[in-house]
Amino acid sequence: MARGQGAALDRKKLMADPIMMTTIVLLIAFLTLFILYPLAILLVDSLYGSKGVSLETFQRIFQMHTFRRAITNTLKVGFVVGILSTLIGLLFAYVEVYVKMRKAVGGLFKVVSMLPVVSPPFVLSLSMIMLFGKAGLITRFVLGIYDNNIYGYWGIVIVQTLTFFPVCYMMMKGLLKNIDPSMEEASRDMGASRWKVFTTVTLPLLLPGLGNAFLVTFIESIADFANPMIIGGSYDTLATTIYLQITGAMDKQGAAAMAVVLLCITLAMFAVQKYYLERKTAATLTGKASRARMLIEDKSVTVPLTVLCSLAALFVIMMYICVPIGALFPTWGYKFTPLTFKWFSQVFTKYRGLQAFRDSFVLSLIASPITALLSMIISYLVVKRKFKAKGFIEAVSILAMAVPGTVLGVGYIRGFANGLFHTGVLSGIYGTGLILIIVFVVRSLPTGTRSGISALRQIDKSIEESAYDMGADSLKVFTSVTLPLIKDSFLSGLVTAFVRSITAISAIILLVTPSYLLITVQINEFAEKGAFSIACAFATILILITYGAVLLMNFIIKHFGTSRMIKEAE
Amino acid sequence: MADMRAKDPKGVKLDHISKIYQDPKTGKEFYAVHDVDLTIEPGTFVTLLGPSGCGKTTTLRMIAGFESPDEGEIYLGGEPINALTPNKRDTAMVFQSYALFPHYNVFDNVAYGLRLRKVPKPEIQKRVTDILALVELSGMEQRMTNQLSGGQQQRVALARALVVEPGVLLFDEPLSNLDAKLRVQMRTEIRRIQQKLGITAIYVTHDQSEAMSISDNIILMKKGVIAQMGSPTEIYYHPNSEFVADFIGECNFLKGPVSSATLGEAKVNIVGVDVPVATDKSVMVGQEGEIVLRPEAITIADAGMLPCKVELSCFMGSYQNYHVRVGDTLVKITDNCPINKKIFNVGDNAYISFDRNCAHLL
C-alpha cells in the first residue's frame, strides 16, 4: 500500500492555496523564532561555554547554596499551594453544584471567580502585607501584634492559594456538572449515606480531575514571579533567584542554566497533566448529566458549608478591596483619616504615572488584537484543516503554556540582546517596544488558542466545508464563516489578551528598558521600596482599566455578538 | 418560472480509485476505498449504498475534493480533477447536518455561492427567488436558519447547492437527521427536482429503501469495494451475493445440491424436494445451490411445495408475519392482506410455495 499519491495531491492542493501557504509559513517562522529559539538558546548557552560543550555551568549553579535552596523552596510552595487550592476549589465547586444556597452566596462565588481575572497578579501580596504585616491593619490594630512577619513561606503560600484557587473552583465546577446525578442516586438508593456517596462515587470520578487541577496550580505557583518577589522576603523561589542572578549578580549564563532547570520542572509537570491526567479526566467523565440534580437541602449540611464558603469568599473580597482603600489613607499604618486622593494625584504629578499608563496601555492595545487574531488562526488551522506542520503548530503554541515568564524573559535576553545566536542579526529589536509586544503576544497566545480551539470544536466541520465547496478560498472561508461564528470567543480572547498583557510582569521586567515605563514594573518597584500607598494607587487605576475592558467586552458581546443574533432569532 | 434545466450536467468517472487510511489504534494501514471503478452518466441519479464504514462517504468526499485518492484518477465531465481543491470543482454538496451558515438568513445562505462567483445583484435576486420557489420556501427569505424546521433547513441546503448550477450535485446522507415520515416526503421531493432539472446527482445513504426509491442506479459497497452495481430492480431481484441480497430488503436463503440444470432453469434439492428456479447462470448438477427468496414472494397454505412448521405468527396490520422452519432453515414470510386468508398458529404444520421466477439462484 502506498499513500504517496494522496499525500502528494494534498500537498498540491495546499500549494494551490497561496494565502493558506503563506499563513502557515509565517506562523511556523513566528513560533520558531519567538518560542522555540529563545528556549533553545538557553540550553545552548548553559551547555556551551568558553571550553566548548560541558556541564560546567550546571555544576556551578548546583553548588550554589542559594540555588539549591530555591529549588526546594519552589517545590515546597508549589506542592502546598497546589493541594490547598485544589481542596478549597473543590469545596466551593461542591457547594455551588450540590448544595441549595441563597442567591447572594452564588453572587459572592461569582465575584470571587472574576477577581483574579481582572486584577494584576500581585495585588493580594500588597493587601496581605497591608493587612497582616508589621504595620498591618488587622495584626497591629485589631489583634495588637506588633512584630508579625508575613514575609516568607507562609506569606507566599497564602497569597498564591488565594490567587489560584478560583481557577481550581472553575475547573471542578465544570467536572461536577458533568457527573450524571443518577449514579449518585443509585448509590444513595442502595443505602449509602451522603458522605459515603461522596467518598465512593463522586470522589473517585473526580480523582483525575483533582490531579489535573493540582498540577495546573503547581505549575502556576512555581512559575509565579510577582508574589514571591513582593512577599517572599528572603525566601527565594526559582523565579526570583533567576531574576536576581541576572539583575544582581549579572550572571547571564548561570541564569540561563537556572532557567533550563525551572523549565524542565514545569515541562515535566505539564506533560503529565496534558497527556495523562487530561485524558483520564475525559475518559471518566464523558457526556452530560442526563437531568438536573436534586440539591441538598438538609440544614445540617447546607448551613455550615455555606457559612464556611461565604466567609472565605468575603475574606478574599476584603483582600481585594483593601487595595483601593489603602490608596485613600494618608499614611498606611499610622494615619487613617481624613481620606485623601493625594496618592492618586501623586501618581501623575510625581511618578510619571501618565507615561506608565500610556506605555502599558498602548503596548497592550497593540498586542491584544494580534494575539486574538493569531490564536483564532491557529485554532482554525488546528481544528479544521489538515496539513503536515499542523502537529508542530499545535504543540508549540500549547507548549508555550508551560513556559514560565521568567524563563521566556531570560531566553529573550540571551537570544536577542546580541542578535540571533549572538551574531548581531535582528539585535535591533532588543530593547524596543516591539519585543515587549512580542512577549505580550507569546504570553497570551496559549490561553487564546485553547479557548479558540474549544470554541471551534463546537462548530460542525461541514459548515466550513460547505463554504469551501461552494467556491470560497481559505481566506474567504475564514473571514465569512469561521470568524463570524466565533466572534464571541474572538472578542473575549481580545480582552483576555489585553488584561493579561497590561498586568504581565514576569518576562517583561527582565526586558523593559528605561525608555518604557510599565505600570506593573512600577508597582513592583514601589512595593519593594515599601511605598505601599502609591503602589496601591497605581494598582487601583490598573484594576479600573482592566475591569473597564471586561465590562466593555461583555457589553459588546451582549449587543453585537453572534450568540445574540442567533438567540434573537429563536 | 424560467426554464431551469441544468445547463451542463456532467458525467463522473472514477478510474480505479483507492483511499488508504491508518487505523488510529493499531497504526495499521487499510483500504477505506479499494479499486472503485465506475462511470456515472450525465443527468442520472446514482446512489452509493452500504453499511457504515463501507467507504461510500469517503468516495463522495474524494469526488468533492475533501479527500485525495491514493490511487486512481477522478474525472468530472471528462477532465481529470485530482489536483483541484474543492472550491475549484464544479460540484456542490448537501451535507448530513445541513451545514447552513447560522449567522446568515435564508436568502444570504442561498446567495453565498453566487456572491462568490460575482454574479450581478439583480441576477442573484432572481436566481435565489426562483430556486427558493422550486424548493417551496418562497417567503422565507428573511428567516434565520434556526427558525426553520429540519425539513425546511434541508430544503435551504438543497437550494444553496442547486443555485450555483453545479455539474454534479453531491448528497451526503442528507435525510438521516429527519424523522421517518419527512424522510419519505423529502426523498420524493429531491427526486422530483433532480428530474426536473436534469442534473447529475450522487447520493450517499445507508438506507436501502431510500436508495431504491430515488435512484437510477445503485452502487452497493462493502468494506471499500463495490459489491454490486445496477438498477434498483436488478439489485433487488438479481443480487450477486448473500451480502447484497441481505442488505437490500429482507431475504431467505435455501441451500441444497443442484439436481438438474437445463437452459434457463435449474432445480435445487431442498429437504428432499426438487425446487425449480429460473436462472440464466450455467450451473452443474451436484454443485451447491443457494436460492434467494424474498419474504413477500412466499405463500403459506395447507398444501404446497415445501413442508414447514410455524414458529412465529404475528399480526402486523397490513400483513401477517410468519417465521417457519423448513428443514433446519428459518424462513421469514410476509403474507399480505391476512384478513382474507387462513391464519396459521405457532406449532401448526403447513406448506410454503413460490413462483420459480420470484426465486433467484446465487
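Throughout, protein chains are lettered first and strands after them, A, B, ... in sequence-line order, and every chain is numbered starting at 1.
Both the backbone and the side chain of B:R160 come within less than 4.5 Å of a heavy atom in chain A. Only the backbone of B:L100 has a heavy atom closer than 4.5 Å to any heavy atom of chain A. Proximity to chain B involves both the backbone and the side chain of A:A467, based on heavy atoms less than 4.5 angstrom apart. Using a 4.5 Å cut-off between heavy atoms, A:D460 contacts chain B through its side chain alone, with no backbone atom that close. Residue B:L84 touches chain A through its backbone alone, counting heavy-atom pairs closer than 4.5 Å.
In this structure, B:A83 and A:K12 approach most closely via the heavy-atom pair CB-CD, 3.6 Å. Across A:E465 and B:F66, no two heavy atoms sit closer than the pair O-CZ, 3.3 Å. Between A:S462 and B:A99, the shortest heavy-atom contact is O-CB, 3.3 Å. What you find for B:P102 and A:L485 is that their closest heavy atoms are CG-CD2, 3.3 Å. In terms of heavy-atom proximity, A:I463 sits nearest to B:F101 at O-CE2, 3.4 Å. The two residues B:H103 and A:P484 come nearest to each other via the heavy atoms CD2-CB, 3.4 Å.
Heavy atoms from other residues, nucleotides or ligands lying under 6.0 Å from CZ of A:R385 number more than 12. The local environment of NZ in A:K476 is sparse, with at most 12 non-hydrogen atoms from other residues, nucleotides or ligands closer than 6.0 Å. Heavy atoms from other residues, nucleotides or ligands lying under 6.0 Å from NZ of B:K13 number more than 12.
Ranked by non-hydrogen atom pairs under 4.5 Å with chain B, the options A:D17, A:V481, A:I459 are led by A:V481. Counting heavy-atom pairs closer than 4.5 Å to chain A, the top residue among B:A92, B:G72, B:P69, B:A161 is B:P69.
Between the side chain of B:R117 and the backbone N or O of A:M470 there is at least one donor-acceptor pair closer than 3.5 Å. Counting only distance, with no hydrogens or angles, the side chain of B:D70 and the backbone of A:Q5 share no donor-acceptor pair below 3.5 Å. Side chain of B:K88 to main chain of A:A16: no donor-acceptor pair is present (N/O by atom type, distance under 3.5 Å, no hydrogens or angles).
Under the 4.0 Å criterion applied to side-chain N and carboxylate O atoms, B:E67 and A:K386 are assigned as salt-bridge partners.
Distance OG1/B:T85 to CG/A:D473: 9.0 Å, rounded to 0.5 Å. Considering OH of A:Y468 and CZ of B:R89, their distance stands at 9.5 Å, rounded to 0.5 Å.
In this structure, the side chains of B:S68 and A:K13 come closer than 4.5 Å at one or more pairs of heavy atoms. Taking 4.5 Å as the limit, some side-chain heavy atom of B:T91 sits within range of a side-chain heavy atom of A:D469.
B:Y112 and A:S480 are linked by a side-chain donor-acceptor pair at a separation below 3.5 angstrom, with hydrogens and angles left out of the test.
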